Novice: 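My structure is below; once you've seen it, I'll send some questions.
Treat the numbers as computed from the prediction; the structure is a model and nothing was measured.
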Amino acid sequence: MEIDYSRYSFKDFENIPNLDIHERANAHKKYVDHLREKGFMNYRLLSTSPCGPEIELAEQGYIKKGKYVSFVSNDYLGFTQHPQVKNAVISSIKKYGTGAGSSPLIGGYFDYHQDLEDKISSFFGRPKGSTLVYTTGYTSNSASLLSLLKKEDIAIVDMAVHASVFEGLSGTTIKRFQHNNLEVLERILASSRKSYRTKMVIIDGVYSQDGDLAKLDEIIEITHKYEGVLMVDDAHGIGVIGKTGRGAMEYFNVLDKVDIITGTFSKTLANIGGYFVAKNPELISYLQIQSRQYAFSAAAMPAIAGVAKAIELIDEEPHWQKCLWENINYYKKGLLAIGLDIGNTGSAIIPVKIGDPEKNSLVGKLLLENGIYTNPIMYPAVSLKDSRIRMSLMATHTKEHLDKALNVFEYVSKKLEIAKHLQTPNFGYEKKKNSL
């Protein structure tokens, strides 16, 4: 009997009852092959050029070799290609080599690690000793939370936070609240006040799928009212949001009030790794020993010195943030003019909400066929009927890049009838004659 794979998602293949690991892998491969045959497998595509606003893809199955306008990179300010960042990495590797050689506790802690930690602390207005650097942004959440929260504690979590947060909560009590629903948040805090020793509220500054912001000013007031601790993962806000790029916390003027700040180097800061910044430096001393993924993993490689330079450049070259916002505003205006639903985004993350998963995959396919590389996002990353095309804007996108994408979206919108509303007959971007 032929299987109707349109009813399935990757979630259905995580744990199929009565199938061993090989049988599950075989079932999963058949689903992946189905997606490839339909041209819906816009994942793990092979690139042959640097990360940037335009990228070259290798020929692979239904993918043609060539250049594509890229909206799949979180390199918001384009710092992965900044000469000063590259030179900082090269100089550090020449001096220290390609690796740290051991874990931080037993000989792998170098002055370039300390320099970066001090720069991050200073960037957020915290004293020395307030920052711990992890080798991935994922573990800056998962590893720290595994160490800090136990069965006697409770994590009160916005449902839209990153997967790394939930992975770090396996040893504690969890209560989820609907995205940005402060009434439910307060109710959970009030009922938990005397039942748990630590009550940690965990949110994002900027949410990765909708690109919207947490209601930080209100959330911090509610959290501290009930003697809770607030942790903010602002991975997508740093360098993008706030007058000086300090993220959503700066935008809401609560930078000095947030108890714990986490984030990653893989976005604006143009590298790999993550950070944990504590208002209470004693937490850092605790994690240095008690966080197993930190204590028993090799320390970050010398190339991480590029992050320190990227942090400096946020202040030294603010025009990159200005260019980014000019692109964001221009592109949003064009998408809305076509009649597309971009939700409540207030950041460099711009979703085009489609709804139906099958149609969403088809939109992603048509975009790619016409030179626009995006991420079709579906369940379980978002709810079943909330599929969307997710795009990240960069400061280095040109007006020509954006106009090309808008022209393709107009074509796709007419072909598949994905427009939700039409705000204005003036498209707000330069249409190209005979572009499609």
Novice: Taking it one step at a time, do Leu45 and Gln60 satisfy side chain to side chain contact (heavy atoms under 4.5 Å, CB included)?
Specialist: CA-CA 8 Å; Leu45 301 186; Gln60 43 203 303; 4.1 Å; yes
Novice: Will you find, in the side chains of Tyr331 and Asp403, an N or O donor that is under 3.5 Å from an N or O acceptor?
Specialist: no
Novice: How close do Gly239 and Gln321 get, heavy atom to heavy atom, and via which atoms?
Specialist: O-CG, 3.6 Å
Novice: With a 4.0 Å cut-off on N to O distance, would you call Asp210 and Lys353 a salt bridge?
Specialist: yes
Novice: With Thr48, which residues qualify under side chain to side chain donor-acceptor pair (under 3.5 Å), at least two apart?
Specialist: Glu56
Novice: Tell me which donor-acceptor pairs under 3.5 Å the side chains of residues 181-189 have, and how far apart each pair is, sequence neighbours excluded?
Specialist:
unit_1: Asn181; atom_1: OD1; unit_2: Glu183; atom_2: N; d: 3.3
unit_1: Asn181; atom_1: OD1; unit_2: Val184; atom_2: N; d: 3.1
unit_1: Glu186; atom_1: OE2; unit_2: Lys225; atom_2: NZ; d: 3.0
unit_1: Glu186; atom_1: OE2; unit_2: Tyr226; atom_2: OH; d: 2.8

Novice: Mark yes or no: Arg246 above the aromatic ring of Phe124, with NZ or CZ under 6.0 Å from the six-membered ring centre and no more than 45 degrees from the axis.
Specialist: no
Novice: Between the main-chain N or O of Asn253 and the side-chain N or O of Lys257, is there a donor-acceptor pair closer than 3.5 Å?
Specialist: no
Novice: Using a strict 4.0 Å threshold on nitrogen-to-oxygen distance, state whether Lys119 and Glu312 make a salt bridge.
Specialist: yes
Novice: With rounding to the nearest 0.5 angstrom, report the OH to CD1 distance, Tyr275 to Ile238.
Specialist: 4.5 Å
Novice: Donor-acceptor check, side chain of Asn375 to backbone of Ile377, threshold 3.5 angstrom: yes or no?
Specialist: no
Novice: Between Glu358 and Lys38, does at least one N-O distance fall below 4.0 Å, as a salt bridge requires?
Specialist: yes
Novice: Should Lys215 and Asp217 count as an ion pair when the cut-off is N to O under 4.0 Å?
Specialist: no
Novice: State whether Lys404 and Glu400 are salt-bridged, where the test is any N-O pair (Lys NZ or Arg NE/NH1/NH2 against Asp/Glu carboxylate O) under 4.0 Å.
Specialist: no
Novice: Supply the atom-to-atom distance Glu14 CD to His28 NE2, rounded to the nearest 0.5 angstrom.
Specialist: 9.0 Å
